[in-house]
2 protein chains.
Amino acid sequence: MQFTENMFADHMRGINGSAIRELMKLTVSPGMISFAGGNPSNAALEPEVVKEMTCEVLDKYGTAMLQYGPTDGFNPLRESAAEFLNTAGVKCTAETLLPTQGGTQAFDMLLKSIVNPGDVVLCESPTFLGALQAIREHNARPIAIPTDEHGVIVEAAEEMIKQYHPKMMYIIPTFQNPTGITLTLERRKALAELANKYGVVLAEDDPYRDLRYTGEALPAIQSFDEEGWVVYMSSFSKYIAPGLRLGAAVANPLLLRKMVISKQSCDTHSPTLNQAIVDAFLRKGLMPGHLERICNLYRVQMNTMLECFDMFPAGTTHTNPEGGLFVWAELPEGMDASAVFAKAVENKVAFVPGISFYPENGNKRALRLNYSMCEPPVIKEGMTRLANVIKEMM
Amino acid sequence: MQFTENMFADHMRGINGSAIRELMKLTVSPGMISFAGGNPSNAALEPEVVKEMTCEVLDKYGTAMLQYGPTDGFNPLRESAAEFLNTAGVKCTAETLLPTQGGTQAFDMLLKSIVNPGDVVLCESPTFLGALQAIREHNARPIAIPTDEHGVIVEAAEEMIKQYHPKMMYIIPTFQNPTGITLTLERRKALAELANKYGVVLAEDDPYRDLRYTGEALPAIQSFDEEGWVVYMSSFSKYIAPGLRLGAAVANPLLLRKMVISKQSCDTHSPTLNQAIVDAFLRKGLMPGHLERICNLYRVQMNTMLECFDMFPAGTTHTNPEGGLFVWAELPEGMDASAVFAKAVENKVAFVPGISFYPENGNKRALRLNYSMCEPPVIKEGMTRLANVIKEMM
């Protein structure tokens with residue numbers, strides 16, 4: 001008998017992988033300047049430090065680094081990561097923190113633990129494409145909450161909770177992907193209240209928080225939680241190295257225990273060595289200096305990109321992020337970012353059309369621009385090319 | 001509103017974690033000799049080699065080790081792992097091999113890709129407890145195929161395929177966990193034929209294959225596959241180090257692509273560094289010598305345990321594995337392994353009662369004994385204690 005697509009599970013049938021990953025293939029060609037990715041700068045990564053930490057933990061712990069470990073995580077990391085998150089105002093201890101394979105797995109374990117087929121997950125619009133894919137793979141239904149320049153509109157969220165009885169809200173509060181917008185303090189408090197009032201799990205995905213280049217840090221939504229409805233998800237991908245695949249979930253003890261059980265049959269546990277490397281990095285106190293160094297790099301890159309919008313035609317708008325990796329722009333009335341993308345790639349500059357980031361009914365004029373992967377002179381050149389393409393197409 | 005268990009997804013409600021993990025807590029006390037685990041021996045792990053490989057790949061690849069990588073895996077590893085599996089008769093290339101977080105994730109991605117709620121998965125009885133948990137978490141229904149001393153009875157499997165129209169068969173063909181039994185060559189061929197004839201995915205979980213201490217290696221079931229129905233799952237956990245969390249799935253291109261998409265929203269990709277460490281290990285040709293060394297250790301341990309059955313009362317039976325980590329025993333008529341477990345733990349020796357490993361209706365007289373974690377003199381002392389406990393309880 002021939003193996004065909006009929007064998008696939010219903011929930012996987014319509015899912016054909018990240019649209020962005022397909023676009024990205026077009027952005028790899030000689031001379032291309034790409035604002036399409038979302039990786040940290042190579043200049044932010046420190047192989048020598050990772051080497052030093054690896055040798056240190058292998059010397060210190062020996063075979064324990066190579067044996068099976070508890071699904072709950074490597075205890076020293078649970079302690080040091082909890083302490084690190086406490087500085088963000090996240091209420092947690094080693095016991096309420098689960099090391100995961102990046103923030104990605106934190107969200108996947110959360111979905112697996114609480115979502116039944118057909119459940120509604122409210123999310124920002126636009127939002128992180130990977131989260132939309134995860135929600136759909138769990139047979140849940142993502143529905144967009146209206147947003148403005150300060151993030152989710154709280155009144156709209158409350159109306160939608162009453163209307164849809166969602167199981168979960170998914171929110172990226174700080175330097176949001178893809179918009180770069182940061183949710184205000186008042187709205188953070190209000191969303192935590194909504195979650196507690198209506199009994200909706202609020203998944204707070206906060207991987208960019210410490211990439212702040214200007215302005216004051218805001219406390220996590222989770223810091224206003226009262227009865228365990230907010231799940232905080234962090235990641236060391238943007239801070240130390242995505243290739244290590246390490247993140248963390250913080251949840252109430254009942255829910256965290258269920259997430260641990262979910263993880264048992266997904267991957268048994270996160271690699272002990274990787275957990276110990278990040279733990280050593282934190283315990284040596286390397287994080288503050290490292291973040292200062294990379295924020296200094298990224299600040300210049302972000303400001304360079306923002307200044308370049310001067311070259312764009314009137315009617316173009318853009319967000320003014322205070323950190324993170326992305327700027328979100330809207331082209332003048334009547335333009336289509338996907339058409340501009342095609343022309344831009346011909347002219348050796350790339351971005352992601354914003355339409356990809358909407359759970360439904362996207363804005364065709366929007367585009368996402370990343371600045372972390374190009375040096376400032378390259379950003380200038382790329383933005384010049386892009387401005388010219390847009391002008392030509394008007 | 002208070003967060004309660006009512007928030008959990010239906011498929012996670014009844015799942016409260018590995019029963020073995022709870023038992024294991026009883027087996028950790030001073031002076032305890034434990035045959036309950038399933039870890040490699042610490043003597044089989046090589047922190048110095050891992051350190052050397054880590055330094056080498058960080059020097060060689062630099063920041064590429066720390067950046068995001070493709071979900072499909074680190075290409076050099078896909079090549080070297082495919083070549084390694086070719087020696088087991090597994091038909092694969094880099095393109096049909098997906099690096100995963102241990103064999104555990106290979107099975108999880110496979111279940112996610114093809115299983116709908118209510119689907120039947122045929123499996124050996126007894127079988128690996130983690131697989132049963134994974135099957136249940138995907139809302140599928142594990143049903144036992146009758147087995148004898150040579151593994152799954154093929155005629156029974158065919159009858160059950162006709163009766164239950166399963167989506168999948170889950171088989172551990174070599175040095176099975178928990179029995180230590182190896183499926184015969186004829187049955188391997190016959191099961192591959194059944195899978196192809198009836199269109200049933202055969203998940204071949206083969207993590208112990210190269211831990212062979214006597215007898216001739218048999219080709220993988222997958223080597224007899226014709227139209228892509230057999231998925232081969234391997235792991236470096238028992239060969240190099242479980243803490244690195246690295247395994248591999250081999251599947252037909254259509255299915256493998258769906259598994260890659262499944263993995264995107266689970267953990268984005270496996271850690272690049274861990275993949276490169278295993279790749280370096282393989283490329284340096286360290287595997288054959290390493291396997292020879294650890295098989296020499298384990299052979300003595302296994303033989304020591306098998307000889308010790310002489311001390312057990314008449315009526316006790318046991319398997320005679322040719323490799324792997326486990327021996328399966330049955331107590332004389334009328335005895336209950338769970339009662340023996342309680343008494344054994346009091347007498348400072350532990351094992352796992354066999355009842356834990358059955359999808360349904362287990363054998364109460366059975367027990368699983370692991371020999372990889374104790375030195376031969378310790379095995380002798382532990383088996384003496386156990387024999388005495390059994391005799392006292394007769």
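Residue numbering restarts at 1 for every chain, and letters A, B, ... go by the order of the sequence lines. Everything numeric here is computed off the predicted structure, so don't read it as measured data.
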TODO: Among the options A/A134, A/G37, A/P70, A/A43, pick out the one with the most heavy-atom pairs lying under 4.5 Å from chain B.
DONE: A/A134

TODO: Can you tell which part of A/D10 gets under 4.5 Å to a heavy atom of chain B, answering side chain, backbone, both or neither?
DONE: both

Task: Reported OG1-to-NZ distance for the pair B/T104 and A/K263, which is rounded to 0.5 angstrom - done: 10.5 Å

TODO: Can you tell which part of A/S262 gets under 4.5 Å to a heavy atom of chain B, answering side chain, backbone, both or neither?
DONE: both

Open item on the list: Just to verify, which of A/Q105, A/E137, A/H138 counts as forming a side-chain hydrogen bond (donor to acceptor under 3.5 Å, both in side chains) with B/S265?
Closed with: A/E137

Task: B/S270 versus chain A, the contacting section by heavy-atom distance below 4.5 Å - done: backbone

TODO: Check whether A/H269 gets within reach of chain B through its side chain, its backbone, both or neither, counting any heavy atom under 4.5 Å.
DONE: both

- [ ] Side chain from CB out, backbone as N, CA, C, O: work out which of these in B/N252 comes under 4.5 Å of a heavy atom of chain A, or both, or neither.
- [x] side chain

Open item on the list: Nearest 0.5 Å, please: how far is CH2 in B/W229 from CD in A/Q2?
Closed with: 9.0 Å

Open item on the list: Working to the nearest 0.5 angstrom, can you tell me the gap between B/R13 CZ and A/S113 OG?
Closed with: 12.0 Å

Open item on the list: Please classify the contact between B/K238 and chain A as side chain, backbone, both or neither, with a heavy-atom cut-off of under 4.5 Å.
Closed with: side chain

Open item on the list: Is B/V115 in contact with chain A via its backbone, its side chain, both, or neither, using a 4.5 Å heavy-atom distance?
Closed with: backbone

TODO: Please state whether the side chain, the backbone, both or neither of B/K258 comes within less than 4.5 Å of a heavy atom of chain A.
DONE: both

Task: Partner chain B: residue of A/T4, A/I15, A/L273 with the largest heavy-atom pair count (under 4.5 Å) - done: A/I15

Task: Region of B/L246 that comes under 4.5 Å of a non-hydrogen atom in chain A - done: neither

Task: Structural part of B/I135 lying under 4.5 Å from a heavy atom of chain A - done: neither

Open item on the list: Quick check on B/N42 against chain A: is it the side chain, the backbone, both or neither that has a heavy atom closer than 4.5 Å?
Closed with: both

- [ ] Give, as side chain, backbone, both or neither, the part of A/K197 having an atom under 4.5 angstrom from any heavy atom of chain B.
- [x] backbone

Task: Side chain, backbone, both or neither of B/S41 within contact of chain A (heavy atoms, under 4.5 Å) - done: backbone

Open item on the list: Less than 4.5 Å to any heavy atom of chain B: does that hold for the side chain of A/L111, its backbone, both, or neither?
Closed with: neither

TODO: Look only at the side chain of B/Q67 and the backbone of A/G243, and say whether a donor-acceptor pair between them is shorter than 3.5 Å.
DONE: no

Task: Among the listed options B/G103, B/A64, B/P40, B/G62, the residue most often paired with chain A at heavy-atom distances under 4.5 Å - done: B/P40

TODO: Measure distances from B/D119 to the heavy atoms of chain A and classify the residue's part below 4.5 Å as side chain, backbone, both or neither.
DONE: neither

TODO: Would you give the length of the straight line joining atom SG of B/C266 to atom CE of A/M109, rounded to the nearest 0.5 angstrom?
DONE: 6.5 Å

- [ ] Under 4.5 Å heavy-atom distance to chain B, tell me which part of A/Y198 shows up: side chain, backbone, both or neither.
- [x] backbone

Task: Most contacts with chain B, counted as non-hydrogen pairs under 4.5 angstrom, among A/N196, A/I240, A/V57 - done: A/N196

Task: Which portion of B/M7 sits near chain A, non-hydrogen atoms under 4.5 angstrom - done: both

- [ ] Can you tell which part of A/I277 gets under 4.5 Å to a heavy atom of chain B, answering side chain, backbone, both or neither?
- [x] side chain

TODO: Under 4.5 Å heavy-atom distance to chain A, tell me which part of B/E46 shows up: side chain, backbone, both or neither.
DONE: backbone

Task: Atom pair CZ/CG of B/F3 and A/L254 - distance to nearest 0.5 Å - done: 6.0 Å

TODO: Determine whether the side chains of B/T54 and A/T54 contain a donor N or O and an acceptor N or O closer than 3.5 Å.
DONE: no

TODO: Under 4.5 Å, counting heavy-atom pairs only, tell me which of B/N16, B/V260, B/N39, B/L58 racks up the most with chain A.
DONE: B/N39

TODO: Let me know if B/T71 has heavy atoms under 4.5 Å from chain A in its side chain, its backbone, both or neither.
DONE: both

- [ ] Output the option from A/M12, A/E48, A/H11, A/E226 having the highest count of non-hydrogen pairs under 4.5 Å with chain B.
- [x] A/M12

- [ ] Calculate, to the nearest 0.5 Å, the distance between atoms CG and OG1 belonging to A/D108 and B/T268 respectively.
- [x] 10.0 Å

Task: Test item: B/T63 and A/P47 side chains (from C-beta on) under 4.5 Å apart, heavy atoms - done: yes

